[in-house]
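By convention in this document, chain letters (A, B, ...) are assigned in the order of the sequence lines, proteins followed by strands, and residues within each chain are numbered from 1.
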Amino acid sequence: DGGITQSPKYLFRKEGQNVTLSCEQNLNHDAMYWYRQDPGQGLRLIYYSQIVNDFQKGDIAEGYSVSREKKESFPLTVTSAQKNPTAFYLCASKGTGGGERENEQFFGPGTRLTVL
Amino acid sequence: AQSVTQLGSHVSVSEGALVLLRCNYSSSVPPYLFWYVQYPNQGLQLLLKYTSAATLVKGINGFEAEFKKSETSFHLTKPSAHMSDAAEYFCAVTPSGTYKYIFGTGTRLKVLA
């Protein structure tokens, strides 16, 4: 079955450490996204990528970095510059080829990051 | 700028009662509209979407939503609530031709026995 996987499901980090969250999709989607979810705030866009080797900052990119070297993979690094990184992180992808599923975002199961 | 407003961060209904979750959007042109459901510690699952083909959209699990351009609304309904409907629901909008999605702040639905 096609889908999006995120790992790990739970991640603990000490202050001052960088951590990388994994996101992999086998849906052959061009576009991929990272969101941060905090209680009562909905989803906020961190970064998105429309195509391999290209990505754009979202609304809250400070303290985060991404890469898109492969179509299937869009890892997110939470750096020590992110002042309040404890949150639930969601990865999503979207096809761009038209058809019935056009404009639908598919989400991974999420990674819960806690800073100790 | 585009925005999405979900009225009511928490909604409680009795099992078997009507479910109504409200969503209003701001847009100069009709965008694509979505409703997603999220169960605790999980990702979001698409319930239904509006893409201008029909104003009344039917989704999974018995949910439906009606697009009303005059009211800039896309409210989610279900005639009879089930205990398994307890979850958080998000309304989202994406202007046509863009890659960005804007999400509402979510409505947590509680179903009372």
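No side-chain heavy atom of B/Phe103 sits less than 4.5 Å from a side-chain heavy atom of A/Gln41. A heavy-atom distance below 4.5 Å is found between the side chains of B/Lys100 and A/Asp59. At a threshold of 4.5 Å between non-hydrogen side-chain atoms, the residues A/Leu43 and B/Phe90 count as touching. You'll find the side chain of A/Asp30 stays beyond 4.5 Å of the side chain of B/Tyr99, heavy atoms only.
For chain B, the nearby part of A/Tyr33 is the side chain; its heavy atoms alone come within less than 4.5 Å. No part of A/Tyr89 comes within reach of chain B, as not one of its non-hydrogen atoms sits under 4.5 angstrom from that chain. Interface remark: A/Gln56 contributes no atoms to any contact with chain B (heavy atom separation under 4.5 Å). Both the backbone and the side chain of B/Leu44 have a heavy atom closer than 4.5 Å to some heavy atom of chain A. Within the 4.5 angstrom heavy-atom criterion, no atom of B/Gln45 approaches chain A.
Aromatic pair A/Phe107/B/Tyr36: ring centres closer than 6.0 Å.
Of the inter-residue distances, the one linking B/Gln42 atom CD with A/Leu90 atom CG reads 11.0 Å to the nearest 0.5 angstrom. Atom CG of B/Leu46 is separated from atom CD of A/Gln105 by 10.0 Å, given to the nearest 0.5 angstrom.
B/Met83 and B/Leu20 fall into different hydrophobic clusters, where Ile, Leu, Val, Met, Phe, Trp and Tyr residues are linked whenever their side-chain heavy atoms come under 4.5 Å apart, directly or through other members. Using a 4.5 Å cut-off between side-chain heavy atoms of Ile, Leu, Val, Met, Phe, Trp and Tyr, with links allowed through other members, B/Leu56 and B/Phe74 fall into different hydrophobic clusters. Hydrophobic clustering of Ile, Leu, Val, Met, Phe, Trp and Tyr side chains at less than 4.5 Å, counting indirect connections, unites A/Phe74 with A/Leu11. When hydrophobic clusters are built by joining Ile, Leu, Val, Met, Phe, Trp and Tyr residues whose side-chain heavy atoms come closer than 4.5 Å, directly or via intermediates, B/Ile102 is grouped together with B/Phe67. Connection of B/Val37 to B/Val11 is established within a shared hydrophobic cluster, with ILVMFWY side chains joined at heavy-atom distances below 4.5 Å, either directly or through further cluster members.
Environment of CZ in B/Arg22: sparse, with no more than 12 heavy atoms of neighbouring residues, nucleotides or ligands closer than 6.0 Å. In the displayed structure, A/Lys14 atom NZ is contacted under 6.0 Å by at most 12 heavy atoms of other residues, nucleotides or ligands. No more than 12 heavy atoms of other residues, nucleotides or ligands shown are found within 6.0 angstrom of CD1 on A/Ile51.
Between chain B and the residues A/Gln6, A/Gln50, A/Lys9, the largest count of heavy-atom pairs under 4.5 Å involves A/Gln50.
Across all non-hydrogen atoms, the minimal contact from A/Glu104 to B/Tyr101 is N-OH, 4.2 Å.
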